[in-house]
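Beneath this line is the structure, given in structure tokens, with notes to follow.
Side chains are part of it too, since the values below use all heavy atoms of this structure and drop only hydrogens, waters and symmetry mates.
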Amino acid sequence: MSGVSLLLSNGRVLQPGAKQPARLDIAIGTDGRIAALEKAIPGDAAEKVVDLNGRLVVPGLIDAHQHLDKSRTRNLVENPRATLQGASAAYRALAATTTREQIMARAERTLDRCLAHGTVAIRSHTNIETESDMRGIEALVELRQRCRDRLTLQVVAHLTSDAPRRLDASRRWLEAAIGAGADIVGGVPQYADEPLAFLDLLFAFAERSGLPLDMHIDEHLDASHLLFDAIIERTLAHGMHGRVTAGHCCALSAATPDAAKRIITGFAKAQIAVITLPAANLFLQGRDADQLPPRGLTRVRELRDAGVRVAAASDNIQDPFIPIGSGDLLEIARWTLVAGQLGLGDLAIAFDMVSSIPAGILGLGNDWGIRTGARADLLITDAEDADDLVASGAANRTVMVGGRVVAGAL
């Protein structure tokens, strides 16, 4: 075996699809990819050998929905009623004077914390509206390049606030964002005066550019104003099966059982993925309820049972939308299990919702996972297994990206 720079021996390795880790050695090539995965690899095959002494090795975690451009602004804004509308207004006021350098500095601080907790890829919805203009996109595209050796960053051109009400301006902004290097088309149709026209604009740009579409859909609890059917119809009409992601989908929990069943069936048919964001949804939704305030999450169990890909993600971290957030996806997995009312034996499912499922949604393909040929993006801890990671958290984390230690130590 040639070209092996590092051999991780005696680890308990969680392979794709496996329920329990297996004792395996991992050979990492000079290209940062997994060269071999076997029960016993001779030590002389590598330039360096590290004995993991039975530590757990899992693939790096994947955060499918964040807002890095807004993160760590909680001390700079006010949202006294802690509502979605108040948060949006608060950030717009700040965005008018925020520089690209300030956005990048705060975003990189959050990115570093996420990386230290084991996250190796983030999809960031990046504001485009009058106040932000293109500064957020420019900052995140530059950060993506700066951090390319430490973390995979995908940038969503996120048309929000007043942008969905300004269709001509949205067209110009999307053209500029795609030209600047945005990876995904996105936006908030519920903010539009003409939501269906705005949806048509987003789908047209996604189809024309060949980029996937990732939108905030029905982040509210009003069952009389639902866009789910419109999303399904357009996904099918544009032939974008498997290339559309719907974030939040809170209002699905407020739909009648029959309506919810029809919508979920449609999502499965169109292969629309769903991202649930328990932190912000629990914090913002249902504040006007006089009794039995709702949890605010979408129908996680029903969507999963129907075969819809459902991931969990951080959403906002320490900004006007939610003042807390550590960047630890294992914490998000725990919140999803509790708030989504998954079962006692569903810890592994919660782990999948922050690992293999979002890896598929982000299109990481065979680059992700512990398999020969995949990039060696790994989380190494003292946990027993994936269930233990979610139940207890992870102590003594070591994070590798491309076969190189980027957080912790071997």
In terms of relative ring orientation, are His125 and His216 parallel, tilted or perpendicular, with 30° and 60° separating the classes? perpendicular
Strictly by modelled atom types, are Arg23 and Asn10 linked by a side-chain donor-acceptor pair under 3.5 Å? yes
What donor-acceptor contacts under 3.5 angstrom involve side-chain atoms of residues 323-331, with partners at least two apart or in another chain?
| unit_1 | atom_1 | unit_2 | atom_2 | d |
| --- | --- | --- | --- | --- |
| Ser326 | OG | Asp328 | N | 3.2 |
| Asp328 | OD1 | Leu330 | N | 3.0 |
| Asp328 | OD1 | Arg397 | NH1 | 3.1 |
| Asp328 | OD2 | Arg397 | NH2 | 2.8 |

Does Asp63 pair with Arg123 as a salt bridge, N-O distance under 4.0 Å? no
Would you check if there is a donor-acceptor pair between the side chains of Arg375 and Thr152 at a distance under 3.5 Å? yes
Inspect the contact between Arg106 and Asp69 and indicate whether a charged nitrogen and a carboxylate oxygen are less than 4.0 angstrom apart. no
Shortest non-hydrogen contact from Gly43 toward Leu7: CA-CD2, 3.9 Å
Indicate whether any N or O donor in one side chain lies under 3.5 Å from an N or O acceptor in the other, for Asn127 and Lys70. yes
Partner set under salt bridge (Lys or Arg N to Asp or Glu O under 4.0 Å) for Asp382, not counting sequence neighbours: Arg55
Considering only NZ, NE, NH1 and NH2 on the basic side and carboxylate oxygens on the acidic side, decide whether Glu108 and Arg146 come within less than 4.0 Å. yes
Hey, do the aromatic rings of His158 and His67 have their centres closer than 6.0 Å? yes
Distance-only donor-acceptor check, side chains Ser132 and Glu129, under 3.5 Å: yes
Side chains of Asp218 and His220: donor-acceptor distance under 3.5 Å anywhere? yes
Charged N-O contact under 4.0 Å between Arg166 and Asp162: yes
Taking only residues two or more places apart in sequence, or in another chain, which ones meet Asp388 in a salt bridge (Lys or Arg N to Asp or Glu O under 4.0 Å)? none
